[in-house]
Amino acid sequence: MTTSTVDATQELAAFLRTRRERLDPDEFGLPSRRRSRRTPGLRREEVAELAGVSIDYVVRLEQGRGLRPSADVVEALSRALRLAPDERAYLFDLARQRPRSSDKPATTAPPPLARLVADLAPLPAMLFNHRYDILAWNREMARLLLDFDTLPPTQRNVMWLCLMHPLTREFYADRERVVREGVAHLRAAWAAHPEDRVLSDLIAEFTAHDEEFAHWWAERDVKVNGRGHKVMRHPEVGEVAVHYEVLAPLQDPDQRLVIYRAADGESQAALDRLSAP
C-alpha cells in the first residue's frame with residue numbers, strides 16, 4: 001500500500017464533504033425543509049448559502065473538479081463549516097493559499113538548538129521536525145522514553161516508536177488519545193508539505209501496518225497541539241505524569257522543541273530518580 005504526495009484537489013473535496021456531514025443542522029437555525037434528510041449533516045445548498053457561493057460551486061469543489069478557491073472563498077467556507085483553527089489552516093494549505101517555505105525539511109538539528117536541548121536539563125526535552133523525526137534530545141528524555149542512540153536513524157521518529165516499537169506500544173496510559181493527536185498532527189503536516197515524499201512514505205507504512213493509525217487517518221482529524229498532558233508507564237519508576245509544551249523556533253519554523261515538566265510530586269520524584277547519575 002502506498003500513500004501518494006498530496007492530491008490537493010481530491011483531498012480538499014473529501015475534507016469539505018466530511019466536515020459538512022459532521023455538522024448538526026439544528027445548530028444553524030436554517031429554514032426547515034419539507035423533505036426529510038437522507039444523509040447526515042448540512043446539505044450542499046445550505047453550505048453554499050452560509051458561505052455566499054453558488055450551489056454549483058460547492059458541488060464542483062466536493063467532486064474534485066479542479067477548482068482552486070480564492071483565499072476569500074476559503075475563509076467563507078471555513079466560517080460556514082465552523083472549522084477549528086487547525087482545520088482552517090489545513091483547508092488553506094489544501095487550497096494552496098498559505099505562503100510556503102522554500103527550505104527543505106530539516107533532517108539534523110542546528111547546533112544552537114541542539115545545545116539548548118542539552119541545557120534544558122534536568123527537564124526532559126527533544127527536538128523534532130514536521131515528520132516527528134527526532135533530531136536532538138537530552139539525557140533526561142532518553143532515560144524517560146528510551147535510548148535513541150540505540151536506534152537506526154529511520155526509527156528515531158515519535159510516531160514510529162509509538163506504533164511500531166515493541167517496548168513503547170503500551171508505554172502511554174492513554175494510548176488512543178496519543179495516537180489520535182499524532183495522526184492529526186501528521187495530517188496537518190502532510191498538507192503543509194505536499195511534495196514531501198519521505199513523509200508520504202512514512203504515512204503509507206503506518207497505514208499499511210497499523211490498523212489503529214489507518215482508522216484515525218481516515219477520519220481526517222486535523223489538530224496541532226502546543227501543550228498538553230501525558231501519563232507514561234515507565235518500567236523502572238512506574239507511572240509518570242507530565243505537562244508538555246511545544247515551541248517553534250523563529251529561525252527554524254519547521255522544527256519543534258518539546259519540553260516535559262512533572263505534573264505532580266510523585267512524578268517529579270520519579271523524574272529525579274531517572275536523572276540521577
Side-chain angles (χ1 to χ4, degrees), residues 3 5-31 33 37 39-101 130 132 159 176-194 196 199-200 203 213-228 246 248 253-254 256:
T3 296
T5 52
V6 182
D7 183 332
T9 299
Q10 295 305 315
E11 178 58 24
L12 187 146
F15 187 67
L16 290 176
R17 287 195 304 270
T18 58
R19 289 306 168 276
R20 175 174 60 81
E21 291 168 356
R22 289 187 177 188
L23 295 173
D24 183 352
D26 293 336
E27 295 181 357
F28 285 78
L30 295 169
R33 304 291 198 263
R37 294 177 183 269
T39 57
L42 296 185
R43 297 189 177 99
R44 291 190 180 99
E45 58 264 33
E46 292 167 337
V47 171
E49 179 182 343
L50 291 168
V53 297
S54 70
I55 299 173
D56 179 64
Y57 192 82
V58 173
V59 170
R60 286 186 290 159
L61 281 176
E62 288 197 2
Q63 291 178 345
R65 287 160 60 181
L67 297 180
R68 181 177 176 180
S70 68
D72 288 341
V73 170
V74 174
E75 185 61 44
L77 289 169
S78 299
R79 290 196 301 268
L81 296 171
R82 297 186 177 180
L83 299 184
D86 291 327
E87 294 174 321
R88 175 182 174 276
Y90 184 66
L91 188 62
F92 269 83
D93 280 333
L94 293 175
R96 303 295 184 260
Q97 292 295 348
R98 284 211 298 182
R100 303 183 182 279
S101 170
H130 69 272
Y132 273 142
M159 280 301 292
E176 179 180 308
R177 179 177 60 82
V178 171
V179 172
R180 288 188 68 175
E181 290 177 354
V183 172
H185 167 92
L186 283 182
R187 181 167 281 283
W190 184 62
H193 301 268
D196 188 346
L199 176 60
S200 297
I203 292 169
F213 182 94
H215 170 76
W216 295 122
W217 181 259
E219 291 294 306
R220 287 186 164 80
D221 289 335
V222 183
K223 188 172 179 61
V224 179
N225 286 329
R227 60 174 57 95
V246 183
D254 182 55
R256 298 292 182 267

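- In this structure, Val53 and Val47 have side chains that are not in contact, with every pair of non-hydrogen atoms separated by 4.5 Å or more.
- Counting heavy atoms from C-beta on, the side chains of Asn225 and Val246 never come closer than 4.5 Å.
- Under the 3.5 Å distance criterion, the side-chain polar atoms of Glu21 are left unmatched by any main-chain donor or acceptor of Pro40.
- Put simply, CD1 on Ile55 and CZ on Arg43 are 11.0 Å apart, with the number rounded to the nearest 0.5 Å.
- In this structure, Arg60 places its CZ atom where more than 12 heavy-atom neighbours from other residues, nucleotides or ligands lie under 6.0 Å away.
- Side-chain contact between Leu61 and Phe15: absent, with no pair of heavy atoms (C-beta onward) separated by less than 4.5 Å.
- The shortest non-hydrogen separation linking Val222 to Glu87 is O-CG, 3.9 Å.
- Exactly one of Leu91, Asp93, Leu94 qualifies for a side-chain contact (heavy atoms from CB on, under 4.5 Å) with Val74. That residue is Leu91.
- Identified under the side chain to side chain donor-acceptor pair (under 3.5 Å) test for residues 69-78, with sequence neighbours left out: Glu75-Arg88.
- Atoms OH and CG, from Tyr90 and Leu83 in turn, are 11.5 Å apart once rounded to the nearest 0.5 Å.
- A salt bridge links Arg19 with Asp221: the closest approach of a Lys/Arg side-chain nitrogen to an acidic carboxylate oxygen falls below 4.0 angstrom.
- Across every non-hydrogen atom of Ala80 and Leu50, the tightest pair is CB-CB, 3.7 Å.
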Query raised in the report: What do the steps show when you test Asp254 against His193 for side-chain contact (heavy atoms from CB on, under 4.5 Å), and what is the final call?
Result: CA-CA 10 Å; Asp254 182 55; His193 301 268; 3.5 Å; yes
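- Judged by distance alone, the side chain of Asp24 and the main-chain N or O of Asp26 form a donor-acceptor pair under 3.5 Å.
- Contact record, Gly41 with Pro25: O-CG, 3.4 Å, taken as the closest heavy-atom pair.
- The minimum heavy-atom distance linking Ala51 with Ala76 is given by the pair O-CB, 3.4 Å.
- Within the 3.5 Å criterion, the main-chain N or O of Arg96 finds a donor-acceptor partner in the side chain of Arg68.
- Taking CZ of Arg180 as the reference point, atom CD of Glu176 lies at 6.0 Å (rounded to 0.5 Å).
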**Report entry** From CA spacing to verdict: salt bridge (charged side-chain N to carboxylate O under 4.0 Å, His left out), Glu49, Arg44
**Finding:** CA-CA 9 Å; Glu49 179 182 343; Arg44 291 190 180 99; over 6 Å; no
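- Rounded to the nearest 0.5 Å, atoms OH (Tyr132) and CE (Met159) are 7.0 Å apart.
- Checking Glu62 against Tyr57 by side-chain atom types alone, no donor-acceptor pair falls below 3.5 Å.
- Without hydrogens or angle criteria, Asp86 side chain to Val224 main chain gives a donor-acceptor distance under 3.5 Å.
- In this structure, Arg20 contributes its side chain and Leu42 its backbone to a donor-acceptor pair below 3.5 Å.
- A salt bridge is defined here as a Lys NZ or Arg NE, NH1 or NH2 lying under 4.0 Å from an Asp or Glu carboxylate O, and Arg187 with Glu11 meets this definition.
- Put simply, CG on Leu12 and CZ on Arg17 are 10.0 Å apart, with the number rounded to the nearest 0.5 Å.
- At a cut-off of 3.5 Å, with distance as the only test, a side-chain donor of Asp196 or His130 sits close to an acceptor on the other residue.
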